[in-house]
Amino acid sequence: MVFYITTPLFYVNDLPHIGSAYPTIACDFFAGHMLQRGEEVAFLTGTDEHGQKIEKAAKEASKTPIEHCDYIADEFQKLWEILGINYDYFVRTSNQEHYKFVTEFFKKVEANGDIYKGKYNGLYCSHCEDFWLEKDLKEDGDKLLCPTHKKPVEEYQQENYFFALTKYQDRLEKYINDNPDFISPDYRKNEVMGWIKDGLRDFPISRANLDWGIPIEGSDQVTYVWFDALLGYISGLGTDKEKYWNDKSKVVHIIGKDILRFHAVYWPAMLMSAGYPLPHRVFGHGFLTKDGMKMGKTLGNIIDPVALSEKYGAEALRFYLLRDIVFGRDGDYTDEGFIERLNSDLANNLGNLLNRALKLINKYNDGIIPDLSSKQNFDSLHQQFIGEIDKLNPYFALEAVFKMLDATNVEINSVEPWRALKIEASNEAALLSLVDALNACKVAAVYLAPLTPQLSKQIFINLGIYQASDLEKLERQDLLQNYLGFDQINKSIAGIKVLEEPVGIFQRLEKAPVAA
RNA sequence: GCUCCUGUAGCUCAGUUGGUUAGAGCAGUCGACUCAUAAUCGAUUGGUCAAGUGUUCAAGUCACUUCGGGAGCACCA
């Protein structure tokens, strides 16, 4: 099967932050997992670069819009490098290919009779440079005031191109009902159904008085930023559009909950109008808070992905975000929680288990993994893991892996091989408990490989399955399919000589992470 | 204001279509072990399941009411 996975296209009004890193890490994990399953995967991320806000941000930085965008887009790519994101495509909505595609798309929608000129009436605050709805404004006698600036708003009329969204209300509702997985989590699907039930309205897809956008032929207007941004998911594929955006491939959009409406309502309607296949899944993830509070520059409580990566490694951050937070719900970051999670799972549960078993094998069996038949069976774990990933629940998928490791720790403690082997170095039950422990670590390493590749590699190296040099400079797909693939799960490790001096796969964290 | 969701141990949450003494993880306490990255394992403390009324042989599980918490309400990336 062909999977096409996308992050949101990040708006370049600001430098990348943890909120952009979160879905991108999740996508990277999903994409890698699908590679392990032997699927064909395309993974796209990119930047959304048009609109008034960008024009303004550029002006404030004394740059042209494109200069500003070049700079921010570059910063995004740098962050993805630091975080080890293996995207296949990086789309920028300012590039020529995109302009061409949007223009063609616009024409298709127009030819289908879904674009018309209409008047947009708005209440405009010149201080916000934005429109307000009457119900959100404060009343002051007979005047309406902007709630942030407390200044009167002006009535403003603009002739815009509108998209006939209302025409698609029924088809949209049907599509969502016929494809129960289209919008998830289910509580967000309820929201969308509520919106549709309340009735949709046509929306303007053009802007006047704005230069930084894609020109609409035969007019002096440019496209509304969302009308163009969403199309980046297709235009960004370049010459691979038909290969990944077709009736058979599975298109998965991972987005933030704030932009659900655009992806779950506008986007499918636009695609229907232009005659394109619809995506299969739109997943709206939650937001991160810090110490229970919304993050913000003014509060100064920012989680800095670069600082965390520099101090603890990108893999620690990658693991933490997907393991500690239920994907879809809001998650709260605390320094204590971060350290606790990593220590508990990676250092204690997994790392320590591997280490103790390796030491015993070295001490009592010359480092050779004995050939003993085991009752271990990972079938149900495998089903569970895959099932949870299919539901885009990395939290529960990872939980299953660590429950398996918990059980392995229980088992080795009940057998007490250190005691039995001291009496009789060939005690089979004792040796078997060690083989099972090592094998469990190997299996965990396989499932974690798309998320924490270095850690997984080191487990395999410690086990003696590979030399460090075997795993250098491998392409990701090669690594995940041919070295750390699912066929490793049931492959015997009997007879392998483990590393004499095991390398710690994850050192316990002692101090509080860097403050923002 | 309207719509929807939610209120279970100190914290985070499970509790299937209502069915026996309400569960897990973490934290706390006590203990075991000593192979191991002061890790691991066991035991244990702790809840009138927000409150009330009702339906029922039986309600954490359904209905209603009150109180508390959250989300959404369109051009927001």
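It should be emphasised that the depicted structure is a prediction, and the values quoted were computed from it without experimental measurement. All chains are named by letter (A, B, ...) in the order of the sequence lines, taking the proteins before the strands, and each is independently numbered beginning at 1.
Counting any heavy atom pair closer than 4.0 Å across all strands shown, A:Leu200 reaches a base atom. When heavy atoms are screened at a 4.0 angstrom cut-off, A:Asn190 is found touching no nucleic acid atom at all. No contact: A:Tyr364 has no heavy atom under 4.0 Å from any strand. The residue A:Phe10 sits apart from the nucleic acid: no heavy atom pair falls under 4.0 Å. Nucleic acid contact for A:Gly19: none, since no nucleic acid atom lies under 4.0 Å from a heavy atom of the residue. Contact annotation for A:Leu358: no contact, since no heavy-atom pair falls under 4.0 Å across all strands. Across all strands shown, A:Gly351 has heavy atoms under 4.0 Å from base atoms, whether or not it also approaches the sugar-phosphate.
Pairing for B:C4 is with B:G70, a Watson-Crick or G-U wobble pair whose two hydrogen-bonding atom distances lie under 3.5 Å. A 3.5 Å limit on both hydrogen-bonding distances identifies no Watson-Crick or G-U partner for B:A58. Applying the Watson-Crick and G-U wobble criteria (two distances, each under 3.5 Å), B:G10 pairs with B:C26. Remark: B:A63 base-pairs with B:U53. Criterion, Watson-Crick or G-U wobble with two distances under 3.5 Å. Remark: B:G47 base-pairs with no nucleotide in the shown strands. Criterion, Watson-Crick or G-U wobble with two distances under 3.5 Å. With a cut-off of 3.5 Å on both Watson-Crick or G-U wobble distances, the partner of B:U40 is given as B:A32.
The 5' end of RNA chain B is approached more closely, in terms of each residue's nearest nucleotide, by A:Tyr187 than by the other of A:Pro204 and A:Tyr187.
Straight-line distance between the P atoms of B:G42 and B:C33: roughly 15 Å, to the nearest whole Å. Here the separation of B:U20 from B:C49, taken at their P atoms, is 16 Å to the nearest Å. With C1' as the reference atom, B:G18 and B:G25 are 27 Å apart, rounded to whole Å. For the P atoms, the distance from B:C2 to B:U65 is 13 Å, rounded to whole Å. Nucleotides B:A9 and B:A24 place their C1' atoms 11 Å apart, quoted to the nearest Å. Of the C1' atoms belonging to B:U12 and B:A27, the separation is 11 Å, rounded to the nearest Å. Between B:U17 and B:C62, the two P atoms lie 9 Å apart (nearest whole Å). Only the P atoms considered, B:G15 is 22 Å distant from B:A71, to the nearest whole Å.
OP1 or OP2 of B:U37 has not a single side-chain nitrogen or oxygen of A:Asn343 nearer than 4.0 Å. A close approach under 4.0 Å does occur between a side-chain nitrogen or oxygen of A:Arg508 and OP1 or OP2 of B:A39. OP1 and OP2 of B:A24 both lie 4.0 Å or more from every side-chain N or O belonging to A:Lys403. Proximity of A:Lys257 to the phosphate of B:A71: no side-chain N or O atom is located under 4.0 Å from OP1 or OP2.
Minimum interatomic distance between A:His50 and A:Thr93 (heavy atoms only, all atoms of both residues): CE1-O, 2.9 Å. Nearest heavy atom pair, residue A:Leu321 against residue A:Ile25, reads CD1-CD1, 3.7 Å.
Considering A:Leu346, A:Leu83, A:Leu448, A:Thr452 in turn, A:Thr452 is the only one that fulfils the side-chain contact (heavy atoms from CB on, under 4.5 Å) rule with A:Glu315.
For A:Glu340, whose side chain is taken as the heavy atoms from C-beta onward, the closest listed nucleotide among B:A71, B:U40, B:C26 is B:C26. Checked against B:C76, B:U40, B:C35, the side chain of A:Lys53 finds its nearest nucleotide in B:C76. Of the listed nucleotides (B:C35, B:C41, B:A71), B:C35 has the atom at the smallest distance from the side chain of A:Lys363. Here the nucleotide nearest the side chain of A:Arg261, chosen from B:G42, B:C35, B:C76, is B:C76. Ranking B:A71, B:C33, B:U37 by closeness to the A:Asn355 side chain, first place goes to B:U37. Nearest nucleotide to the A:Arg356 side chain, out of B:C35, B:C76, B:U37: B:C35.
Salt bridge status for A:Arg281 with A:Asp181: absent, with no side-chain N to carboxylate O gap under 4.0 Å.
For A:Leu421 and B:A36, the CG to P distance is 13 Å, given to the nearest whole Å. With rounding to whole Å, A:Arg419 atom CZ is found 13 Å from B:A32 atom P. As a whole-Å value, the separation of A:Lys359 NZ from B:C33 P is 22 Å. When rounded to the nearest whole Å, the span between CD of A:Glu191 and C1' of B:A74 equals 13 Å. For A:Phe402 and B:U40, the CZ to P distance is 13 Å, given to the nearest whole Å. Between the CG atom of A:Asn413 and the P atom of B:U34 there is a distance of 11 Å, given to the nearest Å. A:Asp324 places its CG atom 13 Å from the P atom of B:C26, with the value rounded to the nearest Å. If you take CD of A:Glu399 and C1' of B:A24, they are 9 Å apart, rounded to a whole angstrom.
Ring geometry for A:Tyr116 against A:Phe162 counts as parallel: the plane angle stays under 30°, on a 0 to 90° scale with 60° as the upper cut. A:Phe163 and A:Phe227 have tilted rings, their planes meeting at an angle from 30° to 60° on a 0 to 90° scale.
If you check distances only, the side chain of A:Asn352 does reach the base of B:A36 with a donor-acceptor pair under 3.5 Å.
Taken from CD1 in A:Ile72 to CD in A:Glu67, the straight-line distance is 12.5 Å, to the nearest 0.5 Å.
Both tests pass for A:Lys63 against the ring of A:Tyr71: distance under 6.0 Å to the centre and angle within 45° of the axis.
By the 4.5 Å heavy-atom criterion applied to side chains, A:Phe506 and A:Leu342 are counted as neighbours.
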